[in-house]
Structures are given as structure tokens and as C-alpha cells.
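Structure record follows, encoded as C-alpha cells.
Proteins come first, then strands; the chains are lettered A, B, ... in the order of their sequence lines, and each starts at number 1.
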2 protein chains.
Amino acid sequence: MPSVIGLLTGRVGRPPGAPMAPRDGPGAVITADRPVKFQASRRVRGIDGKAEPMASHGARGRSGGRPTLEEVAARAGVGRGTVSRVINGSPRVSDATRAAVEAAVAELGYVPNTAARALAANRTDAIALVVPEPETRFFAEPYFSDMLKGVGAELSETEMQLLLIFAGSDRRRQRLAQYLAAHRVDGVLLVSVHADDPLPDLLAQLEIPAVISGPRSAGETLASVDSDNYGGARSAVEHLLARGRGRIAHITGRLDVYGAQRRVDGYRDALRDAGHDADELLIESGDFTEEGGRRAMAELLRRRPELDAVFAGSDVTAAGARQALREAGRRIPEDVALVGYDDSAIARHLDPPLTSVRQPIEEMGRAMIDLLLAEIADRRPAASRGLERQHVVLATELVERSSS
Amino acid sequence: MPSVIGLLTGRVGRPPGAPMAPRDGPGAVITADRPVKFQASRRVRGIDGKAEPMASHGARGRSGGRPTLEEVAARAGVGRGTVSRVINGSPRVSDATRAAVEAAVAELGYVPNTAARALAANRTDAIALVVPEPETRFFAEPYFSDMLKGVGAELSETEMQLLLIFAGSDRRRQRLAQYLAAHRVDGVLLVSVHADDPLPDLLAQLEIPAVISGPRSAGETLASVDSDNYGGARSAVEHLLARGRGRIAHITGRLDVYGAQRRVDGYRDALRDAGHDADELLIESGDFTEEGGRRAMAELLRRRPELDAVFAGSDVTAAGARQALREAGRRIPEDVALVGYDDSAIARHLDPPLTSVRQPIEEMGRAMIDLLLAEIADRRPAASRGLERQHVVLATELVERSSS
DNA sequence: AGGTACTGTGGGAGCGCTCCCACAAGTGAT
DNA sequence: ATCACTTGTGGGAGCGCTCCCACAGTACCT
């Protein structure tokens, strides 16, 4: 499978009277509410099939017979600049002129030439969603498709095109670097990036606007969107406490992931605030995998056989823990209550169904796009930057099921 | 989810001495075998963060400080045209000059500007894979991902970018039409198109090269790639005959799909050639669905209870037939042998595992790309067209399992 | 010598846009 | 009436490429 999938997200027409988007707005390409009909548009080649003389240089040729801005202008009896303003939705055009231009556009079936626009304006109207994972994982995990849904929804209000780039192997990362160096996108969305990934630095160097889905640290330099890992963990632990559990263990995620650290913090603080003594032996690190969860659970049972609840760093981890608990003869939730994180599909399908902390992934996608578009728009007027990076944190929600 | 996913498939560098591809070849963008290192490339903005005067018109500005062809030429002490020839891999450059240019390219970290190239050359170096289905089906059915794999593999030798366009709803078809009208792709790959789809006509009108994966009829006007439905069906029936079955029924696919008709033809001819009388009551039409298969099977059992084998138009259909057979108390394969088509995942997982006709889907994807690239290349020199459309048919293979 | 035919090279013209300057016309304060 | 804005408009000057023509240089014929 190729390493970059791109999603078309632009819209076809701009709702009449819709507010202008930033930077004079990505305007309507064409006001195509009417049925999309394609006039056979005068062709370059003669009827006999032989190539027309096609005056080596001079009037219309290469474009394949498509109308240009200039032609629309002539038709509408206005200048080129005015047509451009109408096309791009600038407000500084009189109503009469606008109507004339729109009529000409419709009559000629004018569609802007993307390449010319990109060249002149030095932008691509495309952004990339970079996934440093093999595409199999991408398609398998609902996390990504939820994110994609949010991103797509938010983007559908714009003319932006989305490219999905898989950077799971060295070869692909190389390709990605190439792609970025060619400035083929106006901005980048980064998901599931590890702490030591050089990609963020590359983006900074190339001065490409970027938003990261989970900050790499408290001092993240890129704009970021995250769910409230700390709060989510707290809510899980508080829920267990409220259920009367007092010996709550935690299987962490990979601790080089900042979000996993924050969950540990939330776990610790919730227990401390409830007046429980810290017990480091109730914490065992996992790695977000099922096997890791099983191993960690077995270890916890060995160290603290009297535990009565487990907060796992992910649903998959919880699934592993569940197996270890079963093997040890512990019943869920009677003997040990279990809470996961992510509220993924497995949470619902586990036996018993798993209480889990839901992250608003789709919303995170939307938020990322908002931030990114703002950054792109800001950058445009090569103006005084130095804006602080935005960091958005979205609330989580505990979904209670019968495992706790 | 957005309606167009684009896949990046281009390569990073051209293998030294690789044969030139058509039309003077999509050449190496940059000879980046060396580790991808990004020089901080002189920036437009001053160190203090304020915008440089940036002489309103005149030398270098908009491009964001990236080197241009002109600069590479100056550095290498040659003309602009020569650098262009080197970049595009033209053979009409002396070795010494080429080396000098390549050195300059490497030193400056030159990467061609895609937009400028697209504008000047009137091409996009992108093609679209159009899927007139919702993306859920796309991701669920291995048919598509296999196809994608083949397409991606073949494309990885070129600089072409792939766009995946979902045209499952009216809105999306509209968007697609818009996209095509803007000539944002050089060519289109069409998969699973129904007989009455207007898309092929639209493509013809816009003069966009296109290849279809299953011809809509014997007189398909578009270039096409298909598997040998006729031969595949024959091999299935011949296999059943060889196993001593004499009363072989057929559950067809949707008969508005040309391939399904061809399978019926193959079925008929195989029986006729073996000296069996035609028995139209052994043929019942399905619709490629499980429910259709079940219904058709029930009907066949009612009409011809003495049947001893079934050739189903697809694996899914076979799965439906299997249920109906079970319900009727027939054992597979003892009482009734069952053969499917597609050799999809369910064929392996059915109980008993299903004998099925495998189509070389990945190869079909490759073949489609080959045809499409050839068409695109042919079209370029607006030369005498009128070439006959190419139709490629690939052989199928019978995969024997225990259901027959 | 003068053709004829290459190969290799430089650079003009142009692709279809956006950006921005110039300027006409209108509006209102002085 | 003059000045200072504002609003709307036209069009020049690019953006960074590709295409192709022109031409120098070399080679091999007559």
C-alpha cells in the first residue's frame, strides 16, 4: 500500500452569505448548486483528430481548452483582478460586478487552476495527517478513524485537501521528509508521536505549521491537542474509591508517552487526596499491549495479592490484566474491579464489559484542525509571530460498565 | 471521514542508471541517498523575527527562501534549461555538466516546486482511484486493499501521487465531478462501476485518461483490466465435473455486472462441452450478498432437489448457500459440493473451508496502473491518437479446499 | 572547402493565477 | 473649494517551472 493517502475534503460551493474564513477566505471555487453539467468545452484538437497548429507561443493552448481568469474577465467586462476577488470571496466588490462575474463563471464553466493558484500564492491548500505507524494499525484502531472523522468534518468547511501520510518505516519517513521539504502541504497534523521523534524539529526547521495530538512533554513547543489524561485517571480512581475499593493498583502505559505519565500522576493524586498512603508497589508499568497487561497484572498479584481494583492504562492492557486475574481465580468485579482507558471497541466486548475512560477523539481531531488552520492563517501575513503556542485539553468521560 | 484520501507513492530518488520512464521520464527529484539532512535554508524573515523588507517585486521572496532552478543554474554555472534537463533525467546532457548540476542541487538542497511544474507542464503527477462505495466497505473488503497494494507497488516506481476518492453518495459524486473538472489528476482508475454509471462518460468528455477494473460490457470504450471470469467459471465447473458431480447448479452474481454474466457463460459452456444438457432451472440469480445466496439456494433446492454441486458467483454468496444447504440437511461436500468465487478471507474461514476461484487482484491493480500511465504518456504529445483501447485479462486460479 | 547532421546548451516566452500599486470616483470634514 | 479618506477597479509584475527555438561546436560525409 502506498505511504500517503490523501483525502479530499474541500467543499463544492460556498453557502451564500457564509462568513469569510481567515485571510480573505478560501472562497467558493464555483457556485455549483446547479446540476454539475460539463459543457464539452472547446477542444484544442481538431475534429479530424490531428493536432491543431497550436501557435507555438501565443494565445490559449496548454491548458487543455479550459477557460482562464482572463477569459472570464473579458466575458464579464471587468478586469482580471476583479474576477480574482469574486472567486476568492473578497468583500470589496460591488454587488452588480459580483453578479456579472458569477454569471460569466457559470456560463464558461470556469474552474480555477489549482497549480497556478498554488504557484502565485505560495500555498497548497493541503494539509497532512502524519501517522508514524503502519497502515494496518491505522485501519485496525478506531482511534485513528475517529480522529479522521473529526478532521474530515472540520475540513469539509474549507477548501483544504487532506493527505494521510504513513511514516511507519524508515523509507517512509524519508519520503515524508522529502515531501515536507518540497512544501507540498501548508500544515501538518501529528498523531501518536514518541518523545524522541525528530519530526517535530524538522517541521520547526522548515517552518511548517504543525499541531501534535499528544504533547511530548509539559513543555511541548508545538501547538497541541490532548485529552485530560490527568483528570481522566483521577475520575477512574475516584470512581473505584466511591465503589468502596481501597487497594487500587495501576498498570501504566509506556512511560515515554507523556499522556501515560499524566495518568500515573492522576492516579497518585486521587489516592493521596482521598487520604491513602502512597504504595509504589501497587504501580507496575505496562506498554499498552495485551501481553504487557497480563505480565504486569501477574506481577501485581504476586506483590500485592490483597488488591481489590485495577486501573489499567488502556483497554488493551485491561484485557491482558483480565486474563491474568482469571488465571489467578479472581472474579471481576466481585474480587477485583477493573477500569480501562480509551473506551475502545474491546471495552464493550470484553467479558464482563469494561468500565473505561472515554477520550473525545473526534473532537480532538476537530480541535487540531482549528489550531492548524489558525496557525496557517497567522503565518500568512509574514507578520509579527511570537504568539504563544496553543495547547488545548479536552475533558474525558468515564463510561461505567459492569467490570467495576 | 473525508471523501478523498490521497496516497503518496512517489519515490525519493531515481536509481542511478534506471531506464527513463515515458515522456522523458519522471526524473529524480533530488538525489537523496545521503541522509536526509535539512539545512536551515536561508530564511526570509530576519533573525529578530520581523519581516524583511522583501522588495515588493524583484528577487527571491515568496517561495519561503527555497532555492529555485535559476539559483541552481547559477551555482552550477549553466543555464536554466540544462538544470531542468538534469532534474528530469533527460539523456541529452553531458556527464560533466550533469555532475556539476547534481552537486549544486545537493549543496543547495534544491527541491522542485511542484506547483510551478504543474502549471508549466500542465499536468499534476497525480492520479485518482475512484471507489463508488462508502469507505466502510472499502476498508472492510480485502478486494480493495489488495488492489491498493498493487496500485501502490506499481506507482512506487514513479513520482505519481495517488488519491483515493470515495464517491459513494450523491454529494461525493458531485465533489468528484468538481475535482475532475478542475483537472486535478492526470488520470483515473475506476473500480466496481455499474453499467449505468455516468462517470465514464464524464471522463471521456473531459478527456481524462481512465482505466476501468471490470469492463461494463463486451464493447467497453475505456481501457480495462479484468480477470478471466469466463475461464474462472469454467475451471470451477470442470473441477466439479472431474470430482464426479453431474448436477451442478449456479448462483449468479448481479447480472448487470458484466463479469457476472461472463461467469454464467463459462458455467454454461463448460457443461455443454462436457456433454451435459442445458438446464436453465439449475441457474438462479443472486446479487453477491449472503442473503441472496441463501434465497437462491433454497429456490434451487426446491426446483432441483437432486443437485449435487453448486458453483456460487462469489464467496459471500457461497456462504449464504451453505446456510441454506445446512438447513435442508445437506452435507458439504458429501451431498453437495460447493465452490465460490474471489477466494476472499471468508473462503478460508468457512466450515468447511471453501474451494474458490482466486482472482489476481494485486496484479490487476498493477496492470491498471500500467495501462493508465501508458495512456497518460500517449496523450502528452497531443499526437495522433486513435489507438485502440487496451483490454487486459488476467488468468484466475482455482484454490481447492474441502468444500468440493 | 562546403554541406548535412547530429549533440549540447542558453534563454525567451509563457503557463494561469495572486498581489499590490495606481487611480477614478464618491463622501465628508474643513 | 481643498484636502483626506474610502471604495471599487484595472492591470503590471511576478511566482518557478517547462517547452522549444536558436545556435555553437563537433563529426562525418561529399
Side-chain angles (χ1 to χ4, degrees), chain A residues 23-24 27 29 54-74 76-88 90-98 100-101 110-125 182-183 380-382, chain B residues 23-24 26-27 29 54-64 66-74 76-88 90-98 100-101 110-125 182-183 380-382:
Chain A
R23 70 151 289 288
D24 226 51
V29 174
M54 201 195 255
S56 60
H57 42 261
R60 21 201 16 280
R62 306 267 258 312
S63 152
R66 291 199 288 143
T68 68
L69 247 205
E70 193 95 41
E71 289 167 343
V72 174
V78 300
R80 190 165 23 77
T82 302
V83 177
S84 176
R85 275 181 286 262
V86 172
I87 296 297
N88 291 291
S90 160
R92 338 188 100 265
V93 181
S94 71
D95 288 347
T97 307
R98 179 187 312 279
V101 170
Y110 171 76
V111 180
N113 181 317
T114 327
R117 175 178 278 182
L119 177 60
N122 194 32
R123 65 188 151 95
T124 62
D125 287 330
H183 282 264
R380 289 255 157 92
Chain B
R23 71 152 290 286
D24 223 51
V29 173
M54 199 195 255
S56 60
H57 42 261
R60 22 203 14 280
R62 306 268 257 313
S63 153
R66 291 201 287 142
T68 68
L69 247 204
E70 194 94 44
E71 290 168 341
V72 174
V78 301
R80 191 168 20 79
T82 301
V83 176
S84 176
R85 276 181 285 263
V86 172
I87 296 297
N88 292 292
S90 159
R92 335 187 101 266
V93 180
S94 71
D95 288 347
T97 307
R98 180 187 310 280
V101 170
Y110 171 75
V111 179
N113 180 317
T114 328
R117 175 179 278 180
L119 177 59
N122 194 31
R123 66 189 151 92
T124 63
D125 287 332
H183 282 264
R380 290 256 158 92

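Listed here is the closest heavy atom pair of B/Glu71 and B/Pro67: OE1-CA, 2.9 Å. Looking at every heavy atom in both residues, B/Ala182 comes nearest to A/Pro112 through CB-O, 4.5 Å. Smallest separation of non-hydrogen atoms from A/Ala100 and A/Ala76: O-CB, 3.8 Å.
B/Ala116 is linked by a side-chain contact (heavy atoms from CB on, under 4.5 Å) to A/Leu119, B/Asn113, counting only residues two or more places apart in sequence or in another chain. Scanning for side-chain contact (heavy atoms from CB on, under 4.5 Å) contacts around A/Thr97 gives A/Val78, A/Thr82, A/Val93, A/Ser94, A/Val101, with sequence neighbours left out.
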Identify each atom pair where a protein N or O and an N or O of nucleotides 24-26 of chain C are less than 3.5 Å apart, giving names and distance.
none

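Taking atom CZ of residue B/Arg85 and atom C1' of nucleotide D/dT18, one finds them 11 Å apart after rounding to whole Å. The distance between atom CG of A/Leu119 and atom C1' of D/dC15, rounded to the nearest whole Å, is 4 Å. Rounded to an integer number of Å, the gap from A/Leu69 CG to D/dC15 P is 19 Å. One interatomic measurement links the two molecules: NE2 of A/His183 to C1' of D/dG16, which rounds to 14 Å at whole-angstrom precision. Spacing between atom CZ of B/Arg123 and atom C1' of C/dG16 amounts to 17 Å, rounded to whole angstrom units. Rounded to whole angstrom, the span from the CG atom of B/Asn122 across to the P atom of C/dC15 amounts to 11 Å. For the pair B/Ile87 CD1 and D/dT18 C1', the interatomic distance rounds to 13 Å; values are reported in whole Å.
An angle of 50°, rounded to 10°, separates the two end axes of the helix from C/dA1-D/dT30 to C/dT30-D/dA1, each defined over five pairs.
For D/dG8, the base has no donor-acceptor partner in the side chain of A/Arg98 [N/O atoms by modelled type, under 3.5 angstrom]. No hydrogens or angles were tested; on distance alone, nothing pairs the side chain of B/Arg66 with the base of D/dG16 as donor and acceptor under 3.5 Å.
Between A/Ser84 and the phosphate of C/dC17, there is no side-chain N or O to OP1/OP2 separation shorter than 4.0 Å. Considering only side-chain N and O atoms, B/Arg80 lies nowhere under 4.0 angstrom from the phosphate OP1 or OP2 of C/dG11. For C/dC15, the OP1/OP2 oxygens have no side-chain nitrogen or oxygen of A/Thr68 closer than 4.0 Å. An OP1 or OP2 oxygen of C/dT7 is reached within less than 4.0 angstrom by a side-chain nitrogen or oxygen of B/Arg92. Here A/Asn88 reaches the OP1 or OP2 of C/dT18: one of its side-chain N or O atoms lies under 4.0 Å away. Phosphate contact (OP1/OP2 of D/dG8, side-chain N/O of A/Thr97, threshold under 4.0 Å): absent.
For the pair A/Glu70 and B/Val83, both in contact range of DNA chain C, the more 5′-proximal nearest nucleotide belongs to B/Val83. The 5' end of DNA chain D is approached more closely, in terms of each residue's nearest nucleotide, by A/Val78 than by the other of A/Val78 and B/Ala115. Map B/Thr82 and B/Ala116 each onto its nearest nucleotide of DNA chain C; the residue landing nearer the 5' end is B/Thr82.
Remark: A/Thr68 OG1 to A/Arg80 CZ distance equals 9.5 Å, nearest 0.5 Å.
Among the nucleotides C/dC17, C/dT9, D/dG16, the one closest to any side-chain atom of A/Ala120 is C/dC17.
Between B/Asn88 and B/Arg117, the closest side-chain pair of non-hydrogen atoms falls below 4.5 Å.
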